[in-house]
Amino acid sequence: MSIVARIKEATAKAIESLYQHQLSAQDITVNQTKPEFEGDYTVVLFAFVKTLRTSPDALGQALGQYLVANNGELFTGFNLIKGFLNLTVTDNFFLQYLQQRYAGQPDLTYGAPQKVMVEYSSPNTNKPLHLGHLRNNFLGWSVAEILKASGNEVMKTCIVNDRGIHICKSMIAWQDFANGATPESTGTKGDHFVGDYYVKFSDTHKAQMKELEAQGLSKEEAEKQAPIMLQTQQMLVDWEAGKPEVMELWKKMNSWVYAGFDQTYKRIGTDFDKTYYESQTYLLGRKFVEEGLEQGVFYKKEDGSVWIDLTAEGLDEKLVLRKDGTSVYITQDLGLADEKYGEFPYDQSIYVIADEQNYHMKVLQLILKKLGKPYADGIFHLSYGMVELPTGRMKSREGTVVDADDLVEEMVAIAARHTEESGKVKDFTEAELKELYDTIAIGALKFFLLRVDPKKKMIFNPEESIDFHGFTGPFIQYTHARIKSILRRQPINEAVAVNFNGLEKLEKELLVLLEQYPGTVRQAAVEQNPSVLAIYAFNVAKTYNSFYTEHSVLSAESEEKKELRLRLCQLTATTIKSAMGLLGIRVPERM
RNA sequence: GGACCGGUAGCUCAGCUGGAUAGAGCAUCUGCCUUCUAAGCAGACGGUCAUUGGUUCGAAUCCAAUCCGGUUCACCA
């Protein structure tokens, strides 16, 4: 049990014994003591003063004395400042924790295991991945891993938007302008290759619109009447009819894109247990229309379109089937949700989707509820804020989209430059260097995107790029490498025992932090928020670095101190590696 | 217009289930490498927590109003 849990438990017991008053652990506020006061953890007393009909001072004195007298293994002393009871935890408690944990892997499981599905990434097959996808990928992957580490059965999924008018746009452009060029013939990565034709479509479309507008058509008319758009519409019809040459082109171009995605996913360490393709799932929602009409949840308008009225819930009327009988986005999603549950009967289904779709996800869940689907309550929208540039949103039309592959390459170049300047790994082979650059570059990128609360939109400044100092991935990686350097020189001697009193301030501070690790992972899991772990890992690294500068490990005052510090180093390294691992960030042995 | 989200140091962000004098990193400035990796450490500077009112022992945190910014309310996906 964590020290905080034990303090709460002991406090509840003490109050029951002293005042015959029952309290549950969650009623008690325990904070880490502020550095300017003596003590490690603080019980906040104000909440009980009224019900116990006593003063903060009297309560604090009584409680402090009781806790120290009855929990000698936990507390060595207390002090009372206003309504705050500061408790000093015994060195021995932390030394025991250290002794038990330094060698193995942390146990991070809690609660009853659940089946959790996590959907993330969801790319379109008409353009390469960009910065926004990276936040999505890193978030989804990390949340999945955190839930897995917490003891749940997790299935990572991806829905690929591989069909529709936007896919036809790049197809038409390729057909009209490529002269048979391929990624191989041009030496272009497949997803970028196809993305270039999507841009080509836009440019052509724009030019044709301009001509039509000059002929007096309105903007809307011009948009629809542009020859390339008419072509694209026809191609979509042909695709839905399964016209062989269109299907062939579609498959060919998608396969180029997938080859490109695979390369990027591999590079950034994203993986999935199951990939859904919209082309295979988009018709699944149709049966819901019948079902909803029968149940009276949906209604049909005169023109044949089908709707659901959500105005009672404060939302709007929502179309679920077009008058021409084709299904819309939300209907497809209903079908996919059903398909997912059929394959993996989950307790929770997490959708990692940007916050611009908050309304859509709300509607999706509500419709499923109204249809009486048992899995509706398990749906959770992990809504994250968009990544913006200092100038505002990324816009493909204005060419301000930050490409994922380009960004990774840029980071690698910076990592290489820093590494060369430091001159610390001159004996590395080419392959080792390459791996190190990737580890640092992608670590920096992931940390940068994961350190912010997912809910909040974030600003990415390409000018300043991503720093390698301070609150960053490389800072933490560097700390790990430093520790490993010590442990390589001097392995731990298991035979030496380390039970004694007299921890240095920074030794204890570090132990206090390390002891909080399982609780921190739990918080990250409950909140589905990796940034909690990023901040934690940074604090551990920072505290270790202070300790490192202040106290020598290898030239410690005594053999026993040295062994203590070696174990402290080991546990710090393990904790950093574990926490960073849950963020998808590798930590090097040397850098 | 309706709904939802946000506004904390020059910049990027923590803190938000109410608790002590609001914290980090970057930037700026001062020190510290013949001693375990200076991608580091120690320190300085920097705040009307958007504004106003309310709730109470106590408010950045809760409530209301206002201002500013964003997203969304498509027979697009």
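Note that the structure is predicted; figures quoted are calculated from it, not measured. These numbers come from the heavy atoms of this one structure, side chains and all, not from hydrogens, waters or symmetry mates.
A/Glu589 comes within 4.0 angstrom of a base, heavy atoms only. Residue-level contact check: A/Asp162 touches neither bases nor backbone, having no heavy atom under 4.0 Å from any strand. Here A/Arg451 lies in heavy-atom contact (under 4.0 Å) with sugar-phosphate atoms only. Among the heavy atoms of the strands lying under 4.0 Å from A/Met458 are primed sugar atoms or P, OP1, OP2 only; no base atom is included. At the heavy-atom level, A/Phe46 lies under 4.0 Å from base atoms of the strands shown. Note on A/Lys456: a base of the nucleic acid sits closer than 4.0 angstrom, heavy atoms only. A/Ser552 comes within contact range of at least one nucleobase, with a heavy-atom separation under 4.0 Å. Among the protein residues, A/Glu388 comes within range of no part of the nucleic acid, since none of its heavy atoms lies under 4.0 Å from any strand. Counting any heavy atom pair closer than 4.0 Å across all strands shown, A/Thr42 reaches a base atom. Note on A/Leu554: a base of the nucleic acid sits closer than 4.0 angstrom, heavy atoms only. Here A/His551 lies in heavy-atom contact (under 4.0 Å) with a base. Note on A/Ile440: a base of the nucleic acid sits closer than 4.0 angstrom, heavy atoms only. The residue A/Asp453 sits close only to the backbone: its heavy atoms come under 4.0 Å of sugar-phosphate atoms, none of a base. Using a 4.0 Å heavy-atom criterion, one finds that A/Thr419 contacts the bases of the nucleic acid, with or without backbone contacts as well.
As a whole-Å value, the separation of A/Ile308 CD1 from B/A74 C1' is 17 Å. Summarising the geometry, the separation between CG on A/Leu449 and P on B/G25 is reported as 21 Å, rounded to the nearest angstrom. Distance A/Ile353 CD1 to B/C4 P: 20 Å, rounded to the nearest Å. When the P atom of B/U72 is taken as reference, atom CG of A/Asn358 falls 10 Å away, rounded to whole Å. Atom pair A/Leu236:CG and B/C76:C1' shows a separation of 12 Å (rounding to whole Å applied). Straight-line distance from the CG atom of A/Leu334 to the P atom of B/A77: 14 Å, rounded to whole Å. Distance CD1 (A/Ile81) to C1' (B/G58): 17 Å, rounded to an integer number of Å.
Of all nucleotides listed (B/U71, B/G40, B/A20), B/G40 comes nearest to the side chain of A/Arg482. When the nucleotides B/A20, B/U72, B/C36 are ranked by their closest atom to the side chain of A/Lys34, B/A20 comes out on top. Of the candidate nucleotides B/C75, B/A3, B/C41, B/A3 has the atom nearest to the side chain of A/Lys362. Nearest nucleotide to the A/Phe538 side chain, out of B/G40, B/A24, B/C36: B/A24. Each of B/C13, B/G40, B/A39 was ranked by its minimum atom distance to the side chain of A/Phe468; first place goes to B/A39. In this structure, of B/U71, B/A77, B/A38, it is B/A77 that holds the atom nearest to the side chain of A/Val328. Listed nucleotides B/C73, B/A77, B/G19 differ in distance to A/Asp316; the shortest reach to its side chain belongs to B/C73.
If you check distances only, the side chain of A/Asn86 does reach the base of B/A20 with a donor-acceptor pair under 3.5 Å. Under 3.5 Å, the side chain of A/Asp303 and the base of B/C75 form at least one donor-acceptor pair of N or O atoms.
You cannot call A/Phe475 stacked on the base of B/G40; the centres under 5.5 Å and planes under 30° rule is not satisfied. Where stacking is scored as ring centres under 5.5 Å apart with planes under 30°, A/Phe84 does not register as stacked on the base of B/G19. Aromatic stacking is not marked for A/Phe471 over B/A24, as the cut-offs of 5.5 Å for the centres and 30° for the planes do not both hold.
No side-chain donor-acceptor contact under 3.5 Å links A/Asp57 and A/Ser55.
A/Arg482 forms a cation-pi arrangement with A/Tyr548, by the criterion of a distance under 6.0 Å to the ring centre and an angle within 45° of the ring axis.
The partner of B/A42, taking Watson-Crick or G-U wobble pairs whose two distances both stay under 3.5 Å, is B/U30. If you check B/G25 for Watson-Crick or wobble pairing at under 3.5 angstrom, you find it paired to B/C11. Within the shown strands, B/U52 is the pairing partner of B/A64 under the Watson-Crick or G-U definition, both distances less than 3.5 Å.
B/G6 and B/U48 are spaced 23 Å apart, taking the P atom of each and rounding to whole Å. Remark: the separation of the C1' atoms in B/U55 and B/G10 is 35 Å, to the nearest Å. Using C1' as the reference atom, B/U51 and B/U8 are 14 Å apart when rounded to the nearest Å. Separating the C1' atom of B/A22 from that of B/A60 is a span of 7 Å, rounded to the nearest Å. Comparing the C1' positions of B/U12 and B/C73 gives an interatomic distance of 32 Å, to the nearest angstrom. Comparing the C1' positions of B/C5 and B/A9 gives a spacing of 24 Å, expressed to the nearest Å. For B/A64 and B/A42, the P atoms lie 43 Å apart once the distance is rounded to whole Å. Here the separation of B/G70 from B/A27, taken at their C1' atoms, is 27 Å to the nearest Å.
Taking the six-membered ring where tryptophan is involved, the planes of A/Phe538 and A/Phe475 are tilted, since the angle between them lies from 30° to 60°. Ring geometry for A/Trp250 against A/Trp239 counts as perpendicular: the plane angle is over 60°, on a 0 to 90° scale with 30° as the lower cut. In this structure, A/Tyr329 and A/His360 have parallel ring planes: the angle between them is below the 30° cut-off, well short of the 60° mark.
Proximity of A/Lys323 to the phosphate of B/C75: no side-chain N or O atom is located under 4.0 Å from OP1 or OP2. Regarding contacts with the backbone of B/U37, a side-chain N or O of A/Ser485 is found under 4.0 angstrom from either OP1 or OP2. The phosphate of B/A39 has OP1 or OP2 within less than 4.0 Å of a side-chain N or O from A/Tyr478. A close approach under 4.0 Å does not occur between any side-chain nitrogen or oxygen of A/Arg488 and OP1 or OP2 of B/U37. In this model, the phosphate group of B/C26 is not approached by any side-chain N or O of A/His469 to a distance below 4.0 Å at OP1 or OP2. The phosphate of B/G69 has neither OP1 nor OP2 within less than 4.0 Å of any side-chain N or O from A/Arg393. Within the structure, a side-chain polar atom (N or O) of A/Ser546 is placed less than 4.0 Å from OP1 or OP2 of B/A42.
Syn is the conformation of B/C33, whose glycosidic angle sits no further than 90° from 0.
Each of A/Ala415 and A/Trp307 was matched to the nucleotide of RNA chain B holding its nearest heavy atom; the match closer to the 5' end belongs to A/Ala415. Heavy-atom nearest nucleotides on RNA chain B were determined for A/Gln357 and for A/His418, and the one closer to the 5' end corresponds to A/His418.
Inter-residue side-chain proximity for A/Leu284 and A/Leu336 is flagged as unmet; no heavy-atom pair is nearer than 4.5 Å. Residues A/Arg322 and A/Val328 are in side-chain contact: their nearest non-hydrogen atoms beyond the backbone lie under 4.5 Å apart. Inter-residue side-chain proximity for A/Leu236 and A/Glu240 is flagged as met; some heavy-atom pair is nearer than 4.5 Å.
Under a 4.0 Å N-O distance rule, the pair A/Glu356/A/Lys457 does not qualify as a salt bridge.
Taking the six-membered ring for Trp and the full ring otherwise, the centers of A/Phe547 and A/Tyr544 sit less than 6.0 Å from each other.
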